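So the structure is just underneath, and the comments pick up after that.
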Number of protein chains: 2
Amino acid sequence: MPPRRPIRRVLRAALDARPKRRVRLDNDERRAQLLTLARKAFSDRSYDEVSIDDLAREAKISKGLLYHYFPTKRDLYVAGLREIAEELVLTLTSVPRELPPAERVGRSLDAYLDFVTEHSRAYVSLLRGGIGSDPEVAGVITGVRKRLAESFLDGSPLQPMLAGKPGFETAVRGWLGFVEHASIDWLENARMPRDQLRDLLSKVLLAIMGVVAPQLLS
Amino acid sequence: MPPRRPIRRVLRAALDARPKRRVRLDNDERRAQLLTLARKAFSDRSYDEVSIDDLAREAKISKGLLYHYFPTKRDLYVAGLREIAEELVLTLTSVPRELPPAERVGRSLDAYLDFVTEHSRAYVSLLRGGIGSDPEVAGVITGVRKRLAESFLDGSPLQPMLAGKPGFETAVRGWLGFVEHASIDWLENARMPRDQLRDLLSKVLLAIMGVVAPQLLS
DNA sequence: GTCCTTATTGACTTGTGGTCAATAATGGCT
DNA sequence: AGCCATTATTGACCACAAGTCAATAAGGAC
């Protein structure tokens, strides 16, 4: 049974004076385009305020095509989140390891605050879990926290002394909690100049380390 | 599923010899019943894993009735969240104010950790924002944080000395961030006994206060 | 040109939040 | 008792957004 192409053809020809040009894009290009679009959308609006239909319309493609690249809405969201996470971690790890510990922490915090101010909205949804208890999203967040903690302390002369301590892990994660809360609070209403915040954060880290391993401070 | 009304009618009449008894409940009772049910559901599953239809079925009422009591799903969720928040704050504020600061903080932390261990799942969704960037939810969370911070420090002899400091507000909020992260981390894998965690938290608070106002520690 | 691959479409299904007019308990009043 | 106003309760319905899929056409290889 031959397809009913002719009918379609006729209809098509009748309705569209000039047929809509299908722009074919390379696989990677399309994917990249969609990702940037999605990142923007998810930064501006909340997860469920962003509809796939809107996104597809913005990208001037059909919804089906979007699903060809990202099998679910979450996948799209998570892919964007991963990119942001990667950028953040990259910024932090780019601080030279050879610096003396104190300056290294200071520089790292500077990088961190740079990122925070620049990507404020994305940062909040990154570390505040823009989606409700999705395991994959949670995974990304835990991952970035872990890597951040490492990046702050790894290679520092403090680390070998602290690594064994039972409270060490907890202390570092807790301090990251401090940093996150303080940063978000600072984003919403800057109570102090940026440098002062950075100093506060770094001094608090030192103080906390002092609690975990008092002999270090002397 | 397409509607097959006539069939339904006949079937119904045939199957139910006695019509289903409509149980009429007092307004407040129903509301309370639904709230407890919802709280349980939202603690066990994530926000969008909980469907209103399921909830109504569990409560043995129609979906319409549920919407009579709570105009939207979010309202229901937020109502439950508010209850939990209230309980948490209540637990904290029940610590006697007359105690010496150090012991007061210790007791408050005990109460906090009690709550955390008992309502672990609810606690996480309370402070990690079980819903993505809903303003009302965010409001509840900010509110509970604010009240927690107050409850930890209000009436303490430290407060008047600190209130003016620019970094004070930030430091307290940051410390709460520390507490939250450490608690959640501890819930997931208890790296130390509970008492040790409590001591760590309280010592860190002291250390942080020392950073903000060095003269206090002497 | 012919064939093959695959990017692309659009109509369709499904699931779920939300609405609303109709209905049946209930309690008060006479 | 009977009537009436109130309101808890229902179930059919709508809207909209996520996700599916067979069909189509652009582009390259030969």
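Being a predicted model, the structure only gives us computed values, none of them experimental. All chains are named by letter (A, B, ...) in the order of the sequence lines, taking the proteins before the strands, and each is independently numbered beginning at 1.
Two residues, Ile61(A) and Ile52(B), neighbour DNA chain C, and the one matched to the more 5' nucleotide by heavy-atom proximity is Ile61(A).
For the pair Trp186(A) (side chain) and Met192(A) (backbone), a donor-acceptor distance under 3.5 Å is present.
The shortest distance between the side-chain N/O atoms of Asn27(B) and the OP1/OP2 oxygens of dT7(D) is not below 4.0 Å. A close approach under 4.0 Å does occur between a side-chain nitrogen or oxygen of Tyr69(A) and OP1 or OP2 of dT8(C). Taking side-chain N and O atoms only, Arg30(B) has a distance below 4.0 Å to OP1 or OP2 of dT9(D). Of the side-chain N and O atoms in His68(B), one or more sit less than 4.0 angstrom from OP1 or OP2 of dA8(D).
No contact: Phe70(B) has no heavy atom under 4.0 Å from any strand. Counting any heavy atom pair closer than 4.0 Å across all strands shown, Leu65(B) reaches a base atom. Heavy atoms of Asp26(B) sit nowhere under 4.0 angstrom from any nucleic acid atom.
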Can you name the atoms? Protein N/O to nucleotides 1-3 of chain C N/O, anything below 3.5 Å, with the distance.
none

Taking only N/O atoms, report every protein-nucleotides 21-23 of chain C pair under 3.5 Å with atom names and distance.
from	atom 1	to	atom 2	distance (Å)
dT23(C)	O2	Arg22(B)	NH1	3.2

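Taking atom NZ of residue Lys63(B) and atom P of nucleotide dT19(C), one finds them 11 Å apart after rounding to whole Å. Taking atom CG of Asp28(A) as the reference point, atom C1' of dT6(C) lies 14 Å away to the nearest angstrom. Atom P of nucleotide dG18(C) and atom CG of Asp75(B) are separated by 9 Å, given to the nearest angstrom. Atom-to-atom, CG of Leu34(A) to P of dA7(C) comes out at 13 Å; the value is rounded to the nearest Å. Atom pair Tyr67(B):OH and dA12(D):C1' shows a separation of 15 Å (rounding to whole Å applied). To the nearest angstrom, P of dG11(D) lies 13 Å from CZ of Arg57(B). The NZ-C1' distance, from Lys60(A) to dT8(C), rounds to 16 Å in whole Å. What separates CG of Leu55(B) from P of dG18(C) is a distance of 13 Å, to the nearest Å.
Ionic pairing of Glu87(A) and Arg39(A) is present here: one or more N-O contacts between side-chain nitrogen and carboxylate oxygen are shorter than 4.0 angstrom. Between Asp54(B) and Arg57(B) there is a salt bridge, with a side-chain nitrogen of the basic residue lying less than 4.0 Å from a carboxylate oxygen of the acidic one.
Closest approach to the Arg24(A) side chain among dA7(C), dT9(C), dG19(D) is made by dA7(C) (side chain taken as heavy atoms from C-beta onward).
Remark: Arg82(B) engages no residue in a side-chain hydrogen bond (donor to acceptor under 3.5 Å, both in side chains) (not counting sequence neighbours).
Just one residue in the list Val89(B), Leu90(B), Thr91(B) forms a side-chain contact (heavy atoms from CB on, under 4.5 Å) with Phe115(B), and that residue is Thr91(B).
The two residues Lys73(A) and Val50(A) come nearest to each other via the heavy atoms NZ-O, 2.7 Å. Closest of all the heavy-atom pairs between Tyr67(A) and Thr72(A) is CE2-CA, 4.1 Å.
Using bins of under 30°, 30° to 60° and over 60° for the plane-to-plane angle, the ring pair Tyr47(B)/Tyr77(B) lands in the perpendicular bin.
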